[in-house]
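These numbers come from the heavy atoms of this one structure, side chains and all, not from hydrogens, waters or symmetry mates. Computed from a prediction, not measured in an experiment: that's the story for all the values here. Read the numbers this way: they start at 1 and go in the same order the structure lists the ligands and their atoms.
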Amino acid sequence: MYEPSEHRPTEAIVDLNAIQHNIKYVMTKMNDNQMLYATVKADAYGHGAIPVAKAAIEAGAKGLLVATVDEAIELRKNGLSQIPILVLGLTDPRGIAEILHYNITITVTGIDFFEKAYKQLTSTNQVNLLDVYRLTVHLALDTGMGRIGLRSVEEVEAFASIINDFPWVNWQGVFTHFATAGGGPEAYVETQFERWRALIAAVPESVTYRHYANTAMALWHTDLMPQSDIVRLGISMYGMDPKDERHNKETATHLQPALQLISEIMHTKQVAPGESISYGAQYTTSEREWIATVPIGYADGWLRHYQTVDVLIAGEYCPVVGVINMDQMMVKIPRDLPVGTTVTLIGKDGKSENHASDIARSLNTISYEIFCNISRRVPRVYLKD
Ligand SMILES: *Cc1c(COP(=O)(O)O)cnc(C)c1O
């Protein structure tokens with residue numbers, strides 16, 4: 001990620017207080033036996049993993065969730081040395097030495113991981129690592145997401161009966177993931193929960209954590225949520241509800257958006273009618289128009305098909321004219337406005353707001369994707385009391 005720069009005014013402003021507020025809001029829905037783990041995969045959904053992780057812990061998170069071992073190592077190397085970190089995706093057993101060394105909890109779907117990891121340690125003369133470290137794992141169960149995990153009681157029983165052959169493994173948790181808690185057929189949540197109950201009956205008592213709650217479950221399935229030992233909080237930390245239905249959902253009104261994406265007008269001009277703007281000359285002025293150039297483009301994550309999303313300038317919605325370029329785009333402004341005027345792509349400008357959920361809906365996607373697309377060229381600036 002680039003540092004904030006005086007050379008180019010495009011930046012993502014991340015309000016860590018909002019993230020802490022959102023975490024605390026969800027915690028009010030949890031009981032004393034539940035722990036909140038903060039999902040900071042994909043660089044904290046584009047918000048910046050390290051500052052977000054630190055703020056989340058301060059707000060009460062008891063663990064961190066990432067997608068890959070490399071994301072976990074990045075956190076370990078940046079001062080997050082003690083907190084549990086669980087990798088939600090599957091991992092190559094050849095990396096076992098680093099996983100042990102950095103004390104990273106991984107997700108497995110079978111004992112073949114342990115066999116391969118042990119072979120790797122033998123062939124690299126590192127078996128002695130197991131005198132010092134134990135490998136902590138959570139077993140994934142596939143109750144209907146169709147992504148990763150064991151699917152039958154027989155498979156879970158087989159896993160449970162063989163795991164004792166690996167005394168260097170600490171089987172700490174078991175989890176599943178709901179496909180429709182945030183949208184889709186409601187009855188499918190029940191189907192998955194039934195399967196979950198059947199599968200965890202085969203999990204020994206010695207396994208400490210059984211978890212399945214993501215944001216959607218935490219916000220909207222308060223009947224099922226209390227039995228998840230860990231609440232794996234993601235998008236709501238960043239102030240969005242998973243359905244991007246902020247006007248309809250009572251819970252969504254409590255969430256505070258954490259990220260603002262802003263830039264500034266860098267150049268303005270008045271052009272005559274009939275002049276074209278940008279690549280392909282796809283836009284032609286129909287009158288004398290004021291056109292501003294804004295230093296943000298698809299290489300920053302403001303993708304070409306976002307052309308339909310108006311940006312906020314001086315409190316007014318202004319249309320993008322012509323195609324979005326790699327590094328710049330042009331916007332039609334109502335009158336001559338000074339260079340340096342703020343352009344709000346995501347966030348509030350006076351009474352007007354470009355809410356990430358509204359942008360996502362208008363583009364037929366989800367706010368997760370809008371955030372994750374904001375590239376490393378956009379400096380992240382952090383606000384915190
Ligand atoms: C990403 C992820 C989450 C967090 O999901 P949100 O919808 O952002 O709350 C939880 N669990 C798993 C397994 C995930 O992959």
Side-chain angles (χ1 to χ4, degrees), residues 18-19 22-23 25-27 29-30 34-47 49 52-53 56 59 61-69 71-72 75 84-91 105-109 137-150 172-184 189 192-193 196 199 209-222 224-225 228-246 249 251-252 254-255 257-259 356-357 360 365-373:
I19 290 176
N22 296 331
I23 288 173
Y25 168 68
V26 175
M27 283 172 71
K29 297 172 167 292
M30 292 165 45
Q34 290 179 298
M35 295 189 298
L36 187 145
Y37 274 34
T39 311
V40 295
K41 63 191 178 192
D43 211 12
Y45 298 34
H47 292 62
V52 168
K62 294 285 184 276
L64 301 172
L65 301 166
V66 292
T68 71
V69 171
E71 290 178 341
L75 294 167
I85 304 178
L86 169 63
V87 176
L88 296 165
L90 294 179
T91 292
T105 305
I106 58 160
T107 293
V108 295
T109 51
V137 303
H138 288 211
L139 176 70
L141 301 177
D142 183 4
T143 55
M145 175 70 182
R147 191 164 66 179
I148 56 167
L150 301 183
Q172 185 192 56
V174 60
F175 75 95
T176 195
H177 195 50
F178 279 79
T180 61
V189 174
Q192 282 197 261
F193 203 75
W196 163 252
L199 291 177
Y209 304 126
R210 289 157 181 73
H211 56 102
Y212 51 81
N214 57 2
T215 288
M217 187 63 85
L219 293 182
W220 302 323
H221 294 269
T222 38
L224 302 178
M225 199 270 264
S228 184
D229 296 325
I230 295 172
V231 174
R232 306 190 304 256
L233 203 67
I235 197 69
S236 58
M237 277 172 55
Y238 309 102
M240 303 295 128
D241 72 278
K243 292 188 182 178
D244 293 309
E245 279 184 344
R246 62 191 189 94
K249 295 266 176 254
T251 47
H254 292 279
L255 300 173
L259 183 141
S357 282
T365 182
I366 52 179
S367 61
Y368 301 71
E369 196 184 37
I370 308 268
F371 293 139
C372 289
N373 268 319

| said: For H138 and Y209, take the angle between the two ring planes, folded into 0 to 90°, and tell me which bin it lands in: parallel under 30, tilted 30 to 60, perpendicular over 60. | reply: tilted

| Region of L88 that comes within reach of ligand 1 [heavy atoms, distance under 4.0 Å] | side chain

| said: Tell me if a side-chain donor or acceptor on T215 pairs with a main-chain N or O of G234 at a distance below 3.5 Å. | reply: yes

| request: Please examine the side chains of V66 and I85, heavy atoms only from C-beta on, and report whether any two atoms are closer than 4.5 Å. | output: yes

| message | How far is atom 12 (C) of ligand 1 from the closest protein heavy atom, and which atom is that? | response | H177 CE1, 3.4 Å

| Using 30° and 60° as the class limits, which term best fits the ring planes of Y212 and F193: parallel, tilted or perpendicular? | perpendicular

| query | Are any of the side-chain heavy atoms of H177 and L88 separated by less than 4.5 Å? | reply | no

| message | Please classify the I235 to ligand 1 contact at 4.0 Å (heavy-atom distances, strictly less than): side chain, backbone, both or neither. | response | both

| remark: of all protein heavy atoms, closest to atom 1 (C) of ligand 1 is K41 NZ, 1.4 Å

| query | Against heavy atoms of Y45, which atoms of ligand 1 measure under 4.0 Å? | reply | 1 (C), 4 (C), 5 (O), 6 (P), 8 (O)

| field | atom 9 (O) of ligand 1: the protein heavy-atom neighbour that sits closest, reported with distance to 0.1 Å | value | T215 OG1, 2.6 Å

| said: Is any side-chain heavy atom of W220 closer than 4.5 Å to one of P242? | reply: yes

| query | Any non-hydrogen atom of R147 lying under 4.0 Å from ligand 1? | reply | yes

| Taking only heavy atoms of Y368, which atoms of ligand 1 are found under 4.0 Å from at least one of them? | 6 (P), 7 (O), 8 (O)

| request: Sequence neighbours left out, what passes salt bridge (charged side-chain N to carboxylate O under 4.0 Å, His left out) with K29? Give chain and number order. | output: none

| request: Could you tell me whether A216 and ligand 1 have an N or O pair separated by under 3.5 Å? | output: no

| task | Under 4.0 Å, heavy atoms only, figure out whether ligand 1 is touched by the backbone of R232, its side chain, both or neither. | result | both

